There are 2 protein chains.
Amino acid sequence: MLVQPDRDRRAERHAATRAEILDAAWEQVRASGLAALSLRDLARSVGMQPPSLYSYFDSKNAIYDAMYAQGAQQFVDEQSESMPTPEDPLKALQAGVHFFVEFCAADLARYQLLFQRVIPGFEPTPESFKISADSLAELGGLLARCGVSDPKMLDLFTALGTGLADQQLSNDPGGDRWIRLIDDAVEMFYEHMTNKAKQPRKGRRKK
Amino acid sequence: MLVQPDRDRRAERHAATRAEILDAAWEQVRASGLAALSLRDLARSVGMQPPSLYSYFDSKNAIYDAMYAQGAQQFVDEQSESMPTPEDPLKALQAGVHFFVEFCAADLARYQLLFQRVIPGFEPTPESFKISADSLAELGGLLARCGVSDPKMLDLFTALGTGLADQQLSNDPGGDRWIRLIDDAVEMFYEHMTNKAKQPRKGRRKK
DNA sequence: GTCTATATCCAGATAGAC
DNA sequence: GTCTATCTGGATATAGAC
């Protein structure tokens, strides 16, 4: 019976080439925009002819999907390593938004791929998409530990976070104009949330 | 001397055809996504051959630019007709965010064209872009009338508005899940803003 | 298995006849 | 102004060399 001694080496080489292609793809979309990814340029940048890419990815959307999975994995990894989840719930929320906005601000193309729907025919695989749902559930748990179970508060919080990220990226890319507002913004939300939890009535009263 | 009796009629017809093309373009991007605009399909939908479009627009980006100008004009028109600017500054801010979010939510393609940068090679003309700057200045005036001159508050307010719009479009298109949060969100902001105006110190005190 | 070469189709854009 | 014909280039897929 024949053994196949080079099988692992081939698989390793294949994976390494895939990674190299993905790296080049990220470089290209960062330089030219997410939607401007071109298989010709991509192949040339890794020293291949365009059709050779099809040995590594079934289609252009498969490349987008692999990039999506990479970005989502980066989100999970960096979140778990950079977020100590402090005891103080306010500080925990502030840290969470800091992480989120700075993660988004670090790479516009990644932000568009992960959090916006910019590529017409592209939808991420369900397993990649599941990551955002998991992160959101984690956030809901944190709010619940603050005594808040109202899902509206969760929605308001996500709106605040995405708004800060969106403005930072749209109007001050590379800067920190909205990043500097995060602590204040989360404090605003936190006080509002705890007040509402104490006074769940519709009628508002003057301070 | 020769007169040119049909000149107005030609110009009218030209403008009418341009408008017809733009209407068809909006229809196409609403159906297939902003970036999926195809000159072939567009030409066919108005009964032309593709090159004939170039009698009306210099390029595909010129079509995007005309659409941008249309959308920006709609924003100005609807804003001035639907916003009575009430005396109560809180109500005025709420009305402003309501208008903004619902304007965005009414048309995803228009939102992407006006407020996000989805088309790689496309930048709007400066005159079209000026509209958003004007609206922002108007908003700054309203905050100033509330006794707030801190530009950070303006930035925070725009982040809140765009965050609500973004979440509404991304996660509940066609619904009102984040629209229903607007009044509460603006109230949260308003109380925070007026508190900060009274206590502009860095150190925070317990309530 | 991976490559080169090639074929097909569709995109935006231009030239020139009428 | 509209057409036909055509150019350039990208995306996808297949054939065949090695």
Side-chain angles (χ1 to χ4, degrees), chain A residues 2-22 24-25 27-29 31-67 113 118-123, chain B residues 4-25 27-29 31-68 113 118-123:
Chain A
L2 271 175
V3 290
Q4 299 166 332
D6 58 336
R7 204 172 194 189
D8 286 340
R9 294 177 61 88
R10 276 206 198 165
E12 280 168 28
R13 182 164 176 73
H14 191 81
T17 307
R18 260 183 75 103
E20 192 187 344
I21 292 169
L22 287 179
E27 217 174 303
Q28 192 175 321
V29 297
S32 315
L34 181 65
L37 181 64
S38 147
L39 295 192
R40 272 177 161 70
D41 295 346
L42 180 57
R44 275 195 43 214
S45 71
V46 295
M48 282 181 179
Q49 294 300 318
S52 302
L53 293 176
Y54 288 85
S55 301
Y56 300 95
F57 298 95
D58 288 341
S59 68
K60 186 178 179 179
N61 273 1
I63 297 179
Y64 278 130
D65 199 68
M67 294 169 78
L113 180 60
V118 166
I119 309 300
F122 170 67
E123 289 288 317
Chain B
Q4 300 165 334
D6 59 335
R7 205 171 194 190
D8 285 340
R9 293 177 63 86
R10 273 201 202 173
E12 279 169 28
R13 182 161 176 75
H14 190 82
T17 306
R18 262 182 73 103
E20 191 187 344
I21 292 169
L22 287 179
D23 285 348
E27 217 174 304
Q28 192 174 321
V29 297
S32 315
L34 182 63
L37 182 63
S38 147
L39 296 193
R40 273 177 163 70
D41 295 346
L42 181 56
R44 273 196 45 216
S45 72
V46 296
M48 283 181 180
Q49 294 299 319
S52 303
L53 293 177
Y54 288 85
S55 301
Y56 299 94
F57 298 96
D58 287 341
S59 68
K60 188 179 178 176
N61 272 0
I63 296 178
Y64 278 129
D65 199 70
M67 293 169 78
Y68 186 101
L113 180 61
V118 165
I119 310 300
F122 170 68
E123 289 288 316

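Remember, it's a predicted structure, so these values are computed and weren't measured experimentally. Convention: sequence-line order gives letters A, B, ...; per-chain numbering from 1.
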At under 4.0 Å between heavy atoms, what does B/L37 touch on the DNA or RNA strands: base, sugar-phosphate, or nothing?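 Sugar-phosphate only.
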Any base atoms under 4.0 Å from B/S59, or only sugar-phosphate, or nothing? Heavy atoms, all strands.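 B/S59: backbone/sugar contact only, no base atoms under 4.0 Å.
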Roughly, in whole Å, what's the span from [atom1] in [X] to [atom2] in [N]?
| X | N | atom1 | atom2 | value |
| --- | --- | --- | --- | --- |
| B/K60 | D/dG9 | NZ | P | 18 Å |
| B/I63 | C/dG12 | CD1 | C1' | 10 Å |
| A/L39 | C/dA11 | CG | P | 17 Å |
| A/Q49 | D/dA13 | CD | C1' | 16 Å |
| A/D41 | D/dG10 | CG | C1' | 9 Å |
| A/I119 | D/dA11 | CD1 | P | 11 Å |
| A/D58 | D/dA11 | CG | P | 16 Å |
| B/L53 | D/dG1 | CG | P | 13 Å |

5'-most contact on DNA chain D: B/P51 or B/H14, nearest heavy atom basis?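 On the 5' side of the pair lies B/H14.
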[N], OP1 or OP2 - any side-chain N/O from [X] closer than 4.0 Å?
| X | N | answer |
| --- | --- | --- |
| A/Y54 | D/dA13 | no |
| B/S38 | C/dA11 | yes |
| B/S52 | D/dC3 | yes |
| B/Y56 | D/dT2 | yes |

More than 12 foreign heavy atoms under 6.0 Å from CG of B/D23: is that the case here?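 Check passes, neighbour count above 12.
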Before giving the answer on side-chain contact (heavy atoms from CB on, under 4.5 Å), spell out for A/Y54 and A/L39 the whole-Å C-alpha distance, their side-chain angles and the decisive distance to 0.1 Å. CA-CA 10 Å; A/Y54 288 85; A/L39 295 192; 3.5 Å; yes
Rounded at 0.5 Å granularity, tell me how far CD in B/E12 sits from CG in B/D8.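 Reported value, rounded in 0.5 Å steps: 6.0 Å.
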Residues that B/D41 engages under side-chain contact (heavy atoms from CB on, under 4.5 Å), provided they are two or more places apart: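 B/D41 satisfies side-chain contact (heavy atoms from CB on, under 4.5 Å) with B/Q28, B/S38 once adjacent residues are dropped.
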Heavy-atom check, side chain of B/I119 versus side chain of B/L37, under 4.5 Å: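 Result no, sub-4.5 Å side-chain heavy-atom pair not found.
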Counting side-chain heavy atoms from CB outward, which of C/dT4, C/dG12, D/dC3 is closest to B/M48?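 Comparing C/dT4, C/dG12, D/dC3 against the side chain of B/M48, the answer is D/dC3.
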Checking only heavy atoms, does the side chain of A/R40 share a donor-acceptor pair with the base of D/dG9 at less than 3.5 Å?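 Absent.
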